[in-house]
Each structure stands twice: as C-alpha cells, then as structure tokens.
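Computed from a predicted structure; not experimentally measured. Order of the sequence lines sets the chain letters (A, B, ...), proteins ahead of strands, with each chain counted from 1.
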There are 2 protein chains.
Amino acid sequence: MSASRTARERARAELTREITDTARRHLATAGASGLSLRAVARELGMVSSAVYRYFPSRDDLLTALIIDGYNDIGAAVERADAARDRGDHPGRWLAVCHAVRDWALAHPHEYALLYGSPVPGYHAPRETVAAAIRDTVVFGGIVADAHRAGALHPPDIGPTPPASFGGDAERLREVIPEVPDDIVARAVTMWTGLYGWVSFELFGQFNNTILDRAAAFDHNARCLAGLVGLTSSHGDRD
Amino acid sequence: MSASRTARERARAELTREITDTARRHLATAGASGLSLRAVARELGMVSSAVYRYFPSRDDLLTALIIDGYNDIGAAVERADAARDRGDHPGRWLAVCHAVRDWALAHPHEYALLYGSPVPGYHAPRETVAAAIRDTVVFGGIVADAHRAGALHPPDIGPTPPASFGGDAERLREVIPEVPDDIVARAVTMWTGLYGWVSFELFGQFNNTILDRAAAFDHNARCLAGLVGLTSSHGDRD
DNA sequence: CAATCTCAAGAGCACTGCTCTCGATTTGAT
DNA sequence: ATCAAATCGAGAGCAGTGCTCTTGAGATTG
C-alpha cells in the first residue's frame, strides 16, 4: 500500500474523507438520527446514490464516525494523562476525568453516539472495540500504577466482591494488571461513576438541579477516587 | 370533571389510551427512532392523519410515553422501598438499586428514552419533570432517614465539596432534607453511579467485559452506599 | 487500441412526519 | 325538535428519508 497509487485511488480516499468530515459536521448539529446521507451528498454537490459507492449503507458511515469518535476521546484522555507526572496518580485520575468531561461538552452529539442509547438496528462491528477501549486502558494504567507504587489505601467500606466476580476481574486485569479483585471491582465503580456523571449532565438530568457543574464534577471525581484510596496527600488541583 | 361526560369524550379517552398502548409496544420493539406514527395508526385500523387529532405531533406522543415511563419506574422504586422495613436503610437502598436495574432490563427502550441520549429536536416539557423525580425523591428519603437516625458513618475519603456547591445543596435538600452539604454531594455521586452502571450495562459498554452482571451490580451498589457510610452491620442480602 | 473496471447520475420504491380539505357525525344551546 | 358549531375520520398531497437498479461517461489496465 504505497502512499498514493493511482489518481483514482487518491481521489477516492479524499472524497471518503470529505464525506466523513461533512457527516461529522452534520452529526454535530443535527444528532445521530438527523444524520442524512442525502443531505451530506447534497452539500458535497453529488447525488445520494454516489455516496453509496463509498459507504454501502448509512450504518457504515455511522461506524466510521463512531471509530473516529472513540479515537478522538481516547487521544484526548491519553494526552491529559501524559501531561502529568507519572507518579502523581491522583492528578492523573483527575486530569483524565476532566478530559472526558471536556471532550463530551465539546462534542455532545458524538458523546451521545458513543455512550448514549444505541441507535436501533445498528450493531457495532468488531473494528469499533479496539478504539473504544483506549480510554479504559488509560484508567486501568493509572490504578495499576498507583497499586504497584503502594499508593492505594482503599477505605474499609464493607462489601467484598462476590466470588463470581473472579472471572470478570481476571478479564479486566488485562487492563488493570496485577490488581486484586476488590480494587478491580471498585475501579469499575469509578469508571461507571465517571461516565454516569457526564451522561447525566449531558443528557439533561441535572437541569434545574446542579448548576455549578464543573466544581461539582471535580468533587465527584475526587469522591470516586476515594473509593480506592487514590487521594493526594496535599490536595492539589488541576 | 365527571367520570365520563359525553359518549364522544369517553371514546376519545379510550382511543388515546389505545394509541399510547400500541405506541409503547412499538417503542419496546423498534426503539424511539423506530416509533412510527403511521405504523401505530395502521395497526389501529385508522389513517395516519386521524392520529393527529389526538397527538398534535410525534413529539407529543413521545412526551406521553416519557411521562408514563417515569411514572412506571418511579412506582417500581417506591414499591421496592415500601416493601422494606423503614429502619433498614441499607436494605432500602439496595432494594431501590435493584428495582431500577430490573425495570431497566425489562424495559430497555423505555429506559433509553428516559435516561439515554435525548432525541434531537425534542425538548421535554414541564409536565415530565414532576414524574421524573419520583425515584429521586425515594433516594433522597432513604439518605435523609438514615442521616436523621444517625446511621450514616461516611468514611474519611478526603475531599470536601467546594463552596460553590452550597447553592446546589440547598436546592437538593428539597429532596434530601436536613442533610449537610458533604453528604448531599456524595449522595449525588451515588445517584449518578447507580444510573451510570445501569446505562453502561444496557448500552453495551460491558460487552465481553463483565459477564456476571447481577452480582457485580449488587457489589457496585454496596460500594456506592459505602460512600456515605450506609452499610448494614450484618450484611444481609435481598 | 480495446476490454474492463469505476463511478456519478437519475429514476424509482417504500417509507416517514405533517398539512389541508372534505364530508359525516355528534354536541349543546335555542 | 332544530340548527349552528364543534369534532372527527378519511383521503390526497408535500417534502423528506434510506436504498436499489440501470445507464452512460470516463479512467485504468492488458
């Protein structure tokens, strides 16, 4: 696969990019269900059937946008994590939380496409999962690093994970290596808690309730971190 | 407003119910975006334009379904709470968590309609919020009851809520009366954590990751309860 | 040069939400 | 009991959708 074989192939690649670009713009304004293949074609000055040469169906176009979205938020999370000192585990967690929220606020419709209700009749193909776990890998790395450094002091909260969680924990250790079951379980709670907050904020559940959302979110992220005892000794901010 | 004034009004009420009923059935199979006003009319043996006599637009039909959904899950949560001894605060919290998850699993498309991505162009009217907070009121009542009974022993996890949270806390105390700011903040984390878990499970984020979901969810609910120290002394199950 | 492959265009199908008009029926006041 | 007013179902129609198929022009390759 050389950089550009024939003129035709180059034109094809370019047009494919143009289609996904305008589709992403339409998605940003009209949402996933308002994404019209015909409207995209119209804006590009071509007829609707021509687009089908590039994407066999609307769902395939959606898949391309989903993969792009996962990679975009994944890269944002990786950048936020990399900008922190590797030993500052609480700071890394907070930075990553804010990266997720900031990205979601900047791309609400794309976030809804990734983490909201699945579009009916659409089944995510295999290619999406590789991109989907980029942020999860970052989360797991932070918790695993903190555990390895002996920086985790989970409070005695009571419950221990059920025995049946062992298999799931083993699978999750691919992302949070060398971490015992109970901490893996609490990491999942942190994980779902983070996205639960962002989803509630974006999907309107906080309307007329929580107004200073940035501050409340930051506190929420710190509370979640406390579940595994990932607390900074001197409480620094971003 | 007597039970049934004229024959016409009775027929109208009955047909309205029939429309929402079949619409809910269609919603359950095809999802919100697959809900077709024409298909509903077809199944009822009438022409599409006739339905517009009862619901001026598809969005109004959606609103009716949303209100019904909030009331349905709200009633389920209230029932689960009422079935428990009022003094068993951890048991009430767990029962309520499982009620939410069970309802969501039984009505996935309705759950997506209520807590998933908002349908583009649709703006929830005022009537929905009254029904939307029924479950929230139950949650708040449990935490408030436990606090009043002195049964809350929140672990020292570190962060204190920012000063700007005071206003939000004051507003939230309408639902969690007499509870101090820091516990209100953690209650919000419990709240978002609960729905975050259910949404992740329903929207496919746990695929190929967490398999024994009922057990993991139960543990997740107990961990969240631990955030405010709402732990049962003798760890009873449902 | 010629055969092949690629692609844009257009027509068409079945579907959607929604509007408007047109008669038929029911209602409520006279 | 009568009659105007309100209500309602049916139908046609508009603009839009995803998607399929055919057609003909152009680029690519032997």
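Between Leu35(A) atom CG and dG16(D) atom P the separation is 17 Å, expressed in whole Å. Rounded to an integer number of Å, the gap from Arg10(B) CZ to dT26(C) C1' is 13 Å. One interatomic measurement links the two molecules: CZ of Arg58(B) to P of dT17(D), which rounds to 15 Å at whole-angstrom precision. For the pair Glu14(A) CD and dA8(C) P, the interatomic distance rounds to 13 Å; values are reported in whole Å. Between the CD atom of Glu43(B) and the P atom of dT16(C) there is a distance of 13 Å, rounded to whole Å. The nearest whole Å value for the distance from the OH atom in Tyr54(A) to the P atom in dC19(D) is 18 Å. Rounded to a whole Å, the CG atom of Asp60(B) is 11 Å from the P atom of dT19(C). For His26(A) and dT17(D), the NE2 to P distance is 10 Å, given to the nearest whole Å.
Within the 4.0 angstrom heavy-atom criterion, no nucleotide atom of any strand lies near Phe55(A). Ser36(B) comes within contact range of the sugar-phosphate backbone alone, with a heavy-atom separation under 4.0 Å but no base atom that close. Across all strands shown, Leu44(B) has no heavy atoms under 4.0 Å from either base or sugar-phosphate atoms. Among the atoms of the strands shown, only primed sugar atoms or phosphate atoms (P, OP1, OP2) are found under 4.0 Å from some heavy atom of Leu15(A). Contacts of Ser48(B) with the nucleic acid, taken as non-hydrogen atoms under 4.0 Å apart, include base atoms.
Judged by distance alone with a 3.5 Å cut-off, no donor-acceptor contact links the side chain of Ser49(A) to the base of dA8(C).
Residue Thr6(B) has a polar side-chain atom (N or O) positioned under 4.0 Å from OP1 or OP2 of dT27(C). Regarding contacts with the backbone of dC21(D), every side-chain N or O of Tyr52(A) stays at 4.0 angstrom or more from both OP1 and OP2.
More than 12 heavy-atom neighbours from other residues, nucleotides or ligands sit within 6.0 angstrom of CZ on Arg171(B).
Taking every side-chain heavy atom of Arg38(A) into account, dG18(D) is the closest of dT27(C), dG18(D), dG9(D). Side chain of Arg42(A), nearest nucleotide from dG28(C), dC15(C), dG16(D): dG16(D). With distances taken from any side-chain atom of Arg53(A) to the nucleotides dG9(D), dA10(D), dT23(D), the minimum falls on dT23(D). When distances run from any side-chain atom of Arg8(B) to the nucleotides dT26(C), dT17(D), dC18(C), the shortest one goes to dT26(C). Nearest to the side chain of Arg12(B), among dC18(C), dC19(D), dC8(D), sits dC8(D). Distance from the side chain of Leu37(B) is smallest to dC18(C) among dC15(C), dT17(D), dC18(C).
Electrostatic pairing of Asp21(A) and Arg25(A) does not count as a salt bridge here, judged by no charged N lying under 4.0 Å from a carboxylate O.
Of the two residues near DNA chain D, Val51(B) and Ala39(A), the one whose nearest nucleotide lies more 5' is Val51(B).
Between Trp191(B) and Phe200(A), the angle of the ring planes goes over 60°, which puts this pair in the perpendicular group of the 30/60° scheme. Using cut-offs of 30° and 60° for the angle between ring planes, the Tyr115(A) and Tyr70(A) rings count as perpendicular.
Judged purely by atom type and a 3.5 angstrom limit, Ser117(B) uses its side chain to pair as donor or acceptor with the backbone of Ser117(A).
Rounding to the nearest 0.5 Å places CG of Asp218(B) at 9.5 Å from CZ of Arg101(B).
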